[in-house]
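By convention here, the first residue in the shown sequence is residue 1. All values below were derived from every heavy atom in this structure, side-chain atoms included, with hydrogens, water molecules and symmetry-related copies excluded.
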Amino acid sequence: MSANERVLNSIRSRVQSSIVKHQYASALFWADKAASLSEGNHKDVFWLAQAQFINGQYHRASYLLSSRGLVDQYLCCRYLAAMCHFSCEEWDIALEILNEKDTDPSSEEIHDLDVIESINSAVCLLRGKVYEALDNRTQAIQAYKKALTLDVTCYEAFERLMDHHMLTGEEEKKLLEELPFQDQCSDDYEMVKYLYAGKMKKYEELPEELVKYKPPGSLDSNAEIAVTKAERYYYNCDFRRCYDITSKVLDTDPYHHSCLPIHLACLVELNDVNGLFFLAHKLVDSYPEKSVSWFAVGCYYYLIGNNDNSRRYFGRASRLDMHFGPAWLGFGHSFAAEGEHDQAMAAYCTAARLMSGCHLPLLYVGMEHVATKNPTMAQPYFTQAYQICSRDPMVLHELGVVAFRTDDFAKAEQYFVKALNLCRPDGDNSVQVVGQMWDVTLNNLGLVCQKQKRYQDAIKYYTKSLALNPKSPATYAGLAFAHHCRALVQNTSFSTAIEWYHKALGGDPDDSFSSQMLRRALIEEMERGVES
């Protein structure tokens with residue numbers, strides 16, 4: 001080996017060492033010298049372009065590769081050039097480079113240079129990112145699927161499909177079945193499949209073979225797996241259990257990226273204003289460039305009722321990441337809280353476009369139609385939401401509301417009962433396992449039974465509703481009216497109804513219905529006393 005070759009190899013090693021040590025300016029300096037010493041050897045030019053890319057000199061790196069003819073000759077050079085333009089948000093140019101005719105994979109020189117494993121999968125992943133940036137979700141989905149088919153360990157492609165809610169639950173199951181886990185991961189294919197299955201729709205049941213699978217070693221205590229369990233509790237409306245898990249994860253890893261959105265959502269559901277205030281400040285101080293930080297601020301202002309400021313920060317979060325669906329949902333919630341139904345529906349429709357595989361935006365659009373007393377318009381949205389997710393109790397509750405508004409009481413009862421059953425783990429019928437928010441469903445069940453003149457069943461549901469929310473005047477009024485109607489039918493005393501009417505008026509003195517029915521019950525009780 002000549003002296004020049006020894007010097008060149010030493011400089012090449014220095015380039016790699018500088019990159020490993022994150023000394024990117026040093027890497028660029030020595031990569032430039034290696035390219036000169038080797039008189040433009042394609043490997044050294046490639047690593048010079050890599051160093052320029054790492055230092056944020058995107059156009060310079062792209063020009064270097066193009067001017068040396070490497071983009072047309074080597075796939076990894078084309079990929080790097082496209083990455084340069086993608087980083088500059090020049091989507092069309094990046095796509096044009098990626099869609100050029102493929103290089104010949106049989107070339108020995110290409111094999112010599114393509115040291116990056118699964119470069120074809122990486123190209124498909126980048127193509128999917130570009131299509132998604134161009135709002136062409138159909139092509140993006142196909143690109144991500146192809147990336148996974150070429151390399152099932154390309155987790156980023158899978159993550160984008162899941163986190164951006166690009167697929168429905170059935171489509172996710174089909175994808176999991178079609179991916180060649182066993183061919184590409186012969187030793188650990190079961191584990192990879194198990195990990196991927198955990199990221200799928202959290203309100204869907206896992207396949208039986210994956211439920212029985214036991215992760216190796218201490219993998220079951222991994223934070224990412226804990227977050228997927230927490231999300232399943234969240235979508236089952238068990239916010240307290242979800243919060244307990246996410247809190248433990250954040251105690252260990254305070255900035256766990258996938259845990260933060262679900263933890264923030266739990267804080268909102270649990271009305272923890274102080275917790276949100278503290279976490280939002282910490283995130284903004286540490287990661288002001290992340291959308292989740294400003295989403296946290298928006299959640300705080302939404303919770304304290306300052307909807308103008310909440311929209312300001314939800315908007316900032318969506319500008320930082322235009323695919324961050326939760327920001328648009330929060331945007332819609334802030335309008336809905338003020339009764340601005342048209343603006344709320346517009347925000348939810350944007351979220352539905354960005355999260356086409358998620359049922360929540362459709363559910364919220366339907367709820368806005370119900371709020372404007374238009375159940376007929378709400379029905380198609382709830383039906384679509386149900387087709388995407390048949391196991392969300394909230395969807396079933398809203399379908400029950402629509403059925404009730406259209407006087408289909410038997411169907412409404414079926415939906416309400418099914419919603420409550422989904423909230424009870426392992427068939428537990430105790431009222432304690434149903435979250436506080438479901439007192440409305442129990443109250444509605446009482447009303448439905450009352451409409452069907454099943455007063456004893458109505459009393460049972462109203463009593464359960466009061467166990468969850470003992471300060472609800474509407475439930476007291478409903479319970480009083482059920483006792484009143486039963487007394488009329490059975491010709492018994494109205495004293496119990498009178499007692500409950502008094503409690504209803506104690507909670508809401510301006511309740512005209514309770515006031516009128518109390519007078520009527522008192523008169524009927526006196527008449528009954530006279531007759532007896």
Side-chain angles (χ1 to χ4, degrees), residues 163 165 230-231 233-235 237-240 242-243 246-247 250 257-355 358-372 392 394 397-398 435-438 440 469:
D163 289 359
H165 299 279
E231 286 187 73
Y233 284 125
Y234 179 84
Y235 283 112
C237 303
D238 193 344
F239 305 120
R240 175 55 60 184
C242 177
Y243 173 79
T246 56
S247 296
L250 292 178
H257 179 71
S258 60
C259 184
L260 285 169
I262 199 75
H263 185 73
L264 290 168
C266 275
L267 291 175
V268 173
E269 295 292 348
L270 297 172
N271 202 34
D272 189 348
V273 176
N274 292 333
L276 260 178
F277 181 83
F278 173 75
L279 183 56
H281 265 282
K282 188 165 71 169
L283 289 174
V284 168
D285 288 342
S286 303
Y287 294 103
E289 75 286 357
K290 295 288 187 182
S291 56
V292 71
S293 303
W294 301 106
F295 174 70
V297 179
C299 287
Y300 167 74
Y301 280 112
Y302 170 74
L303 202 55
I304 65 173
N306 190 336
N307 293 304
D308 284 338
N309 269 334
S310 73
R311 283 193 287 273
R312 174 185 169 192
Y313 290 108
F314 286 140
R316 186 164 183 175
S318 65
R319 286 192 297 274
L320 285 170
D321 181 1
M322 61 181 177
H323 302 296
F324 191 60
W328 285 101
L329 292 178
F331 210 61
H333 292 343
S334 66
F335 280 121
E338 294 181 338
E340 299 288 346
H341 303 296
D342 290 339
Q343 291 94 326
M345 282 190 275
Y348 292 143
C349 286
T350 302
R353 180 175 56 80
L354 295 172
M355 308 163 68
C358 182
H359 69 290
L360 291 177
L362 296 168
L363 171 65
Y364 295 139
V365 173
M367 290 172 71
E368 289 306 301
H369 281 300
V370 170
T372 56
D392 186 344
M394 186 64 78
H397 172 89
E398 293 303 324
Q436 261 200 356
M437 63 180 292
W438 297 105
V440 177
N469 185 6

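Note that the CE atom of Met345 and the NE2 atom of His369 stand 4.5 Å from one another [nearest 0.5 Å]. The distance from the OG atom of Ser291 to the CE atom of Met322 is 12.0 Å, given to the nearest 0.5 Å. Remark: Met355 CE to Asp163 CG distance equals 10.0 Å, nearest 0.5 Å. Cys259 SG to Leu264 CG: the interatomic distance, rounded to the nearest 0.5 Å, is 9.0 Å. Remark: Phe324 CZ to Leu329 CG distance equals 9.5 Å, nearest 0.5 Å. Here the CG-CZ distance, from Leu283 to Phe278, works out to 9.5 Å after rounding to the nearest 0.5 Å.
Between His263 and Leu250, some side-chain heavy-atom pair lies under the 4.5 Å cut-off. Between Leu270 and Arg240, the closest side-chain pair of non-hydrogen atoms falls below 4.5 Å. Between Leu360 and His165, every side-chain heavy-atom pair lies at or beyond the 4.5 Å cut-off. Between Glu398 and Leu363, the closest side-chain pair of non-hydrogen atoms falls below 4.5 Å.
Distance alone, capped at 3.5 Å, is enough to place a donor-acceptor pair between the Thr372 side chain and the Glu368 backbone.
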List the steps and the verdict of ring-ring contact (aromatic ring centres under 6.0 Å, His included) for Tyr348 and His333. CA-CA 9 Å; Tyr348 292 143; His333 292 343; 5.5 Å; yes

Return all side-chain donor-acceptor pairs below 3.5 angstrom for residues 294-306, not counting sequence neighbours, or 'none' if the list is empty.
from: Trp294; atom 1: NE1; to: Pro288; atom 2: O; distance (Å): 2.7
from: Asn306; atom 1: OD1; to: Asn309; atom 2: N; distance (Å): 3.4

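Comment: Arg311 does not engage Glu340 in a salt bridge, judged by the lack of any side-chain N to carboxylate O separation of less than 4.0 angstrom.
Across all their heavy atoms, Ser334 and Ser310 have their closest contact at CB-OG, 3.3 Å. Residues Cys266 and Tyr243 share a closest heavy-atom pair of SG-N, 3.8 Å.
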